[in-house]
Amino acid sequence: MSAALQMMAFGLALLSTLFLLLATCTDCWMVNADDSLEVSHKCRGLWRECVTNMQDGVRTCDQYDSILADHPVKIVVTRTLLITADLLAGLALATLLLGLDCIKFLKEDPRVKLKMCYGAGVILGIGSILGLVGSVWYAVDVYVERAMLVSRNIFLGVHYDFGWSCWLGMAGSMGCFAACVLLTCCLY
């Protein structure tokens, strides 16, 4: 039972970590949600903004000037939280891998292996909270920005909704949290 639970938690943690990494690296945190005839599809991410022409499929991306340049707070905070969540999830995966019963590392001391699994669960929990806070922070900021424009009757021709990268970040964070619960609560 314990080995099956460990493997399930490891698989969930691995998939969720991949989701978090993809969310951090991809550039579609905000997508244009214009209801009129669209000639282009715009995505804004943490690192660049891309526009795809819908007629010929040509995609062009503009990199943000510098990592250290003045950026909106939502980008800086989301970058920081997601990169930290990625690093913690990677550390937790390495620790969990060594703590699995099917790995021969420290086979003679099962209590240490169990503590490694528990520690990996705690690290995953911290990483999941940081990733979820970063993703939700960005989503709330997008919503507030749009609500302020609507309340002031300002129409710029394009407004943005949450992109798939934002949803991927939330899904990865929730998966890491589920793996954390499996490792810290269910394993004992």
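Here the structure is a predicted model, which is why all the values come from computation and not from measurement. Hydrogens, waters and symmetry mates play no part in the numbers below; they use all other heavy atoms, side chains included.
Although no hydrogens or angles enter the test, the distance criterion places no donor-acceptor pair under 3.5 Å between the side chain of Trp137 and the main chain of Leu81.
Trp47 is not connected to Leu21 by any chain of hydrophobic side-chain contacts under 4.5 Å among Ile, Leu, Val, Met, Phe, Trp and Tyr, and they are in different clusters. Under the 4.5 Å side-chain contact rule for hydrophobic residues, Leu182 and Leu15 do not share a cluster. Leu93 and Leu168 fall into different hydrophobic clusters, where Ile, Leu, Val, Met, Phe, Trp and Tyr are joined by side-chain heavy atoms under 4.5 Å apart, directly or via other members. In the hydrophobic cluster analysis, where Ile, Leu, Val, Met, Phe, Trp and Tyr join through side-chain heavy atoms closer than 4.5 angstrom, Leu46 is grouped together with Met30. Under the 4.5 Å side-chain heavy-atom criterion for ILVMFWY residues, a single connected hydrophobic cluster contains both Met7 and Leu183.
Once rounded to the nearest 0.5 Å, the distance linking CD1 of Ile123 with CG of Leu87 reads 12.0 Å. Separating the CG atom in Leu130 from the CG atom in Leu82 is a distance of 9.0 Å, to the nearest 0.5 Å. A distance of 11.0 Å separates CD1 of Ile129 from CG of Leu124, quoted to the nearest 0.5 Å. Here the straight-line distance linking atom OG of Ser165 with atom CG of Leu22 works out to 8.5 Å at 0.5 Å rounding.
Looking at residues two or more places apart in sequence or on another chain, you find a ring pair (Phe, Tyr, Trp, His ring centres under 6.0 Å) between Tyr138 and Trp29. By the ring pair (Phe, Tyr, Trp, His ring centres under 6.0 Å) test, Phe162 pairs with Trp167, sequence neighbours left out. Residues that satisfy the disulfide bond (SG atoms under 2.5 Å apart) test with Cys61, not counting sequence neighbours, are Cys50. With sequence neighbours left out, Ser128 forms a side chain to side chain donor-acceptor pair (under 3.5 Å) with no residue at all. Evaluation of the side chain to side chain donor-acceptor pair (under 3.5 Å) rule for Lys113 yields no partner, not counting sequence neighbours.
The shortest heavy-atom contact between Gly131 and Ala85 is N-CB, 3.7 Å. Between Thr17 and Ala89 the shortest heavy-atom distance is OG1-CB, 3.4 Å.
Contacts classified as salt bridge (charged side-chain N to carboxylate O under 4.0 Å, His left out) and involving residues 5-30 (residues at least two apart or in different chains) are given here: Asp27-Arg48, Asp27-Arg59.
Other residues, nucleotides and ligands contribute over 12 non-hydrogen atoms within 6.0 Å of the CZ atom of Phe10.
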Practice item. Assess whether side-chain contact (heavy atoms from CB on, under 4.5 Å) is satisfied between Ser135 and Thr78, documenting all intermediate values. Key: CA-CA 7 Å; Ser135 299; Thr78 305; 5.9 Å; no
Practice item. Give the intermediate values and the outcome of side-chain contact (heavy atoms from CB on, under 4.5 Å) for residues Val31 and Lys42. Key: CA-CA 6 Å; Val31 294; Lys42 298 175 185 163; over 6 Å; no
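Taking the side chain as every heavy atom from C-beta outward, Cys117 and Leu96 approach each other to under 4.5 Å.
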